[in-house]
Protein chains: 4
Amino acid sequence: MRHEKVDIIFQAAVQVFAESGFDQAKMDDIAQAAGVAKGTIYYHFKSKEELFSALMDEGIGNLIDYAKRNISLHSNPIEQLHALVHAHIQFFIENKKLAKLLLSEAFGTKERQHQFRVRILEYIRLIENILRDGIQSGDLSIVHPHEMASAIFGAASILVLHKIYSLEGQEKEMEESANVMEETVRHLLFNSLMNK
Amino acid sequence: MRHEKVDIIFQAAVQVFAESGFDQAKMDDIAQAAGVAKGTIYYHFKSKEELFSALMDEGIGNLIDYAKRNISLHSNPIEQLHALVHAHIQFFIENKKLAKLLLSEAFGTKERQHQFRVRILEYIRLIENILRDGIQSGDLSIVHPHEMASAIFGAASILVLHKIYSLEGQEKEMEESANVMEETVRHLLFNSLMNK
Amino acid sequence: MRHEKVDIIFQAAVQVFAESGFDQAKMDDIAQAAGVAKGTIYYHFKSKEELFSALMDEGIGNLIDYAKRNISLHSNPIEQLHALVHAHIQFFIENKKLAKLLLSEAFGTKERQHQFRVRILEYIRLIENILRDGIQSGDLSIVHPHEMASAIFGAASILVLHKIYSLEGQEKEMEESANVMEETVRHLLFNSLMNK
Amino acid sequence: MRHEKVDIIFQAAVQVFAESGFDQAKMDDIAQAAGVAKGTIYYHFKSKEELFSALMDEGIGNLIDYAKRNISLHSNPIEQLHALVHAHIQFFIENKKLAKLLLSEAFGTKERQHQFRVRILEYIRLIENILRDGIQSGDLSIVHPHEMASAIFGAASILVLHKIYSLEGQEKEMEESANVMEETVRHLLFNSLMNK
DNA sequence: CATGAATGAGAATTCATTCAT
DNA sequence: AATGAATGAATTCTCATTCAT
């Protein structure tokens, strides 16, 4: 089991990083939020970058695990796709802070950002694999599965994030919105927008 | 006509901001890139924030204008949607740096980020209006046009951005990819992923 | 006659310098207050220091002239002392901004501050001369006339300045206070504080 | 007991502030004079303003304490007044740098300057109270005790300050001057300048 | 393991002054 | 005479990181 303090620091760090982004986040604030001395953070993490990376790595790992778990409940690619959409939206709603960081800290030239995109790619590959399975099995008809996976990732992610900001502070409405958002993505995937 | 120096500073600022993001960008670098003294930037812009905001405002304004121009060439909502997808992807490809900033600097609690999301919302409304026109005319069948607009925005944006990073440094391949990406988004919009 | 613009700049400069003190005063603000371009100030004055010095020199010159004029109306040293006290207090009340600068910018190691103290000394000598005349004529009994002159200068100056700040924004009360202040200084000079 | 470094910084700050005044004083110089890194100052004080305010507050606090201690040795208002004059002049001579700052940084619109005047007022009230006690006991005859207190403060302060500048660099003469100055102020208070 | 005082390399911003027009 | 855009040296303040205790 991970050292207790590490967990406390982790909790605090998500809050602070999500509040302000990587650059604006201050180690002082993280220390204060965690209720430990600044030196203690440095005892457990080599640097701010390392703390952040560890954090994001765990975060996106959780997303991937959660998605995998939901997918594995089904064997049919179409049902798996449904499950993935559900999982993605739920996870983003339950991890709003991580969701913000996921998009805002993914683009850039820093090594940490590159590492980060590698993990996102891993998640997109997960989607892509479902698509490829569906094509294989004849259930799905997709020309560019990789691009399609990334488009699906973008549609679902931005949709939730957009909603998070427009419903800022209205926790209740968010839950109701979850259905609307799932419906929207499903409609996009499984129906043509065209009437008939 | 805008003052010449302001334009030079603008050009330099896009480069530098896109290279490093708002926080990492240094006014020194912008000044150097622009070939002016640091003070000159401050003579024209009150602060780094203001420079950035002016920049992003113009950038997203260009995106909106470009999209509107493309849309206005058609009167049929479905053709307009096609045009919008085309415009969006082309604009992102031709303004890669802006595209990165568009997504990475939109989420946060800073006033500038809020202002920025307001402008993005304006663009999403543009999409939403096409969808509503299509519903009205009976051409489209969409339950939640606002959510759908934001999903479309997300799909197209992340798709291009993802491609920008995976093709980093391969300018030629990017152009070819444009078609693949447009096809992907069109497929998502106008076909079901399901085989028949 | 002095160039018209110089006068305009002078007027503006007193306001701004008094508002913020030498260091905090900005040439930009003076230019704006004067309604001229910043370059124009530099056309007429070599530097901020020179503008300030010219200003203070004129200001203290006015004080000295005003005091001399009032003194010269009397030939008796005691009446002259009365006249001086009256003039001093009146001048400080009518030139509040100059009064503030007079005390706050007089102490320091800068050449301008030294020049400034030289002029104040000139004023103190004026008081001292009245005292010496009074000693000579047997009207006054003072052991250290120079020190006494400087003490009188301090008493009257600080008294008015203290009142200026305590009555900030109450123009009317200031006028009434003038009498109280004159009485106070006269009492200090011509009576013992001791009862009988 | 205050942290050792804080004291060192305090010592250095008085020197530097008095040398150049608030605005011209550089944090770099204070740091160098204190033999600490610039960051260390900011670790202990939020800003230059706060450091200065803390400094002046302590300084004028010392003056008040010193005066009170001297006054409390006597019960007769007249003797107390003598003691106060003695204390004031001694304190100004022994704290020349503070004395300069006391007068030059008291006038202005900055919050710190306002705070500062509040403390000076506290000192003037101390004088005023002695005067009121004397009136009460019938020892003194004063019409406007508050104004008189402020005039006394001004007379003694400016007298010493004027002397400090005229004897710059002649430490020995200063001590001798102390008597002359005390005599002058006492004469002002307890005798009429008029001969008989 | 934990602490928090101390550090110092930056970075944003300011503003007197210059000078081409 | 007057202008105001441009400059760049100077200065405050920040904050990740270190290290002695």
Side-chain angles (χ1 to χ4, degrees), chain A residues 3-6 9 22-32 34-52, chain B residues 3-6 8-9 22-32 34-51, chain C residues 3-6 8-9 22-32 34-52, chain D residues 3-6 8-9 23-32 34-51:
Chain A
H3 193 289
E4 182 210 0
K5 282 276 164 74
V6 171
I9 293 169
F22 179 80
D23 285 302
Q24 291 293 327
K26 286 179 263 176
M27 293 301 264
D28 272 296
D29 291 346
I30 296 174
Q32 179 156 53
V36 301
K38 215 182 344 178
T40 309
I41 302 182
Y42 281 91
Y43 185 80
H44 294 287
F45 298 91
K46 215 170 66 225
S47 67
K48 186 182 179 184
E49 292 249 333
E50 195 188 271
L51 171 58
F52 183 77
Chain B
H3 197 288
E4 181 209 0
K5 280 276 161 73
V6 171
I8 295 178
I9 292 170
F22 179 81
D23 285 302
Q24 290 293 327
K26 284 174 275 175
M27 291 302 261
D28 269 303
D29 291 346
I30 296 175
Q32 181 153 51
V36 302
K38 217 182 333 177
T40 307
I41 302 181
Y42 282 93
Y43 184 77
H44 293 286
F45 299 91
K46 229 175 43 234
S47 66
K48 186 181 176 184
E49 291 248 329
E50 197 188 271
L51 170 59
Chain C
H3 193 290
E4 180 209 1
K5 282 275 163 75
V6 171
I8 296 177
I9 293 169
F22 180 80
D23 285 302
Q24 290 293 326
K26 287 178 260 175
M27 292 301 264
D28 270 297
D29 290 346
I30 296 174
Q32 180 155 54
V36 303
K38 215 182 341 178
T40 308
I41 302 181
Y42 280 91
Y43 184 80
H44 294 286
F45 299 91
K46 217 170 68 223
S47 68
K48 187 183 178 183
E49 292 249 333
E50 196 189 89
L51 170 59
F52 183 77
Chain D
H3 197 288
E4 179 211 0
K5 280 279 161 70
V6 171
I8 296 178
I9 292 169
D23 285 301
Q24 290 293 328
K26 284 175 276 175
M27 292 301 263
D28 270 304
D29 291 346
I30 296 176
Q32 182 154 51
V36 302
K38 213 182 338 176
T40 307
I41 302 181
Y42 282 94
Y43 184 77
H44 293 286
F45 299 92
K46 230 175 44 234
S47 65
K48 186 183 176 182
E49 291 249 330
E50 198 188 89
L51 171 58

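Numbers restart at 1 for each chain; the letters A, B, ... are given by sequence-line order, proteins then strands.
Spacing between atom CD of D/Glu50 and atom P of F/dC13 amounts to 11 Å, rounded to whole angstrom units. Taking atom CZ of residue C/Phe45 and atom C1' of nucleotide F/dA2, one finds them 15 Å apart after rounding to whole Å. F/dC19 atom C1' lies 16 Å from atom CD1 of A/Ile41, rounded to whole Å. The interatomic distance linking D/Leu51 (CG) with F/dC13 (P) rounds to 10 Å, in whole Å. Rounded to whole angstrom, the span from the NE2 atom of C/His44 across to the C1' atom of F/dT3 amounts to 12 Å. Distance CG (A/Asp29) to P (F/dC15): 8 Å, rounded to an integer number of Å. Residue A/Gln32 contributes atom CD, which lies 12 Å from atom P of E/dG4 at whole-angstrom precision.
Residues D/Ala37 and D/Ala31 share a closest heavy-atom pair of C-CB, 4.1 Å.
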Reading 5' to 3' and counting Watson-Crick or G-U wobble pairs with both distances under 3.5 Å, write the dot-bracket notation for DNA chain E, | for bases paired outside the strand. .||||||||||||||||||||
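One finds the NZ atom of C/Lys38 at 10.5 Å from the NZ atom of C/Lys26 (value rounded to the nearest 0.5 Å). Once rounded to the nearest 0.5 Å, the distance linking OH of B/Tyr42 with NZ of B/Lys48 reads 8.0 Å. Taking CD1 of C/Ile8 as the reference point, atom CD1 of C/Ile41 lies at 11.5 Å (rounded to 0.5 Å). Between the CE atom in C/Met27 and the CD1 atom in C/Ile30 there is a gap of 5.5 Å [rounded to 0.5 Å]. The CZ atom of B/Phe22 sits 10.5 Å away from the CG atom of A/Asp23 when rounded to the nearest 0.5 Å.
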Contact string for nucleotides 10-16 of chain E, one letter per nucleotide 5' to 3', B = base within protein heavy-atom range under 4.0 Å, S = sugar-phosphate only, - = neither, reads BSSBBSS
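More than 12 heavy atoms of other residues, nucleotides or ligands shown are found within 6.0 angstrom of CD on D/Glu49.
Taking the P atom of each, E/dC1 and F/dT21 are spaced 22 Å apart, rounded to whole Å.
Between the side chain of C/Lys5 and the backbone N or O of C/Val36 there is no donor-acceptor pair closer than 3.5 Å. Proximity of a side-chain donor or acceptor of A/Gln32 to a complementary backbone N or O of A/Asp28 within less than 3.5 Å is not detected.
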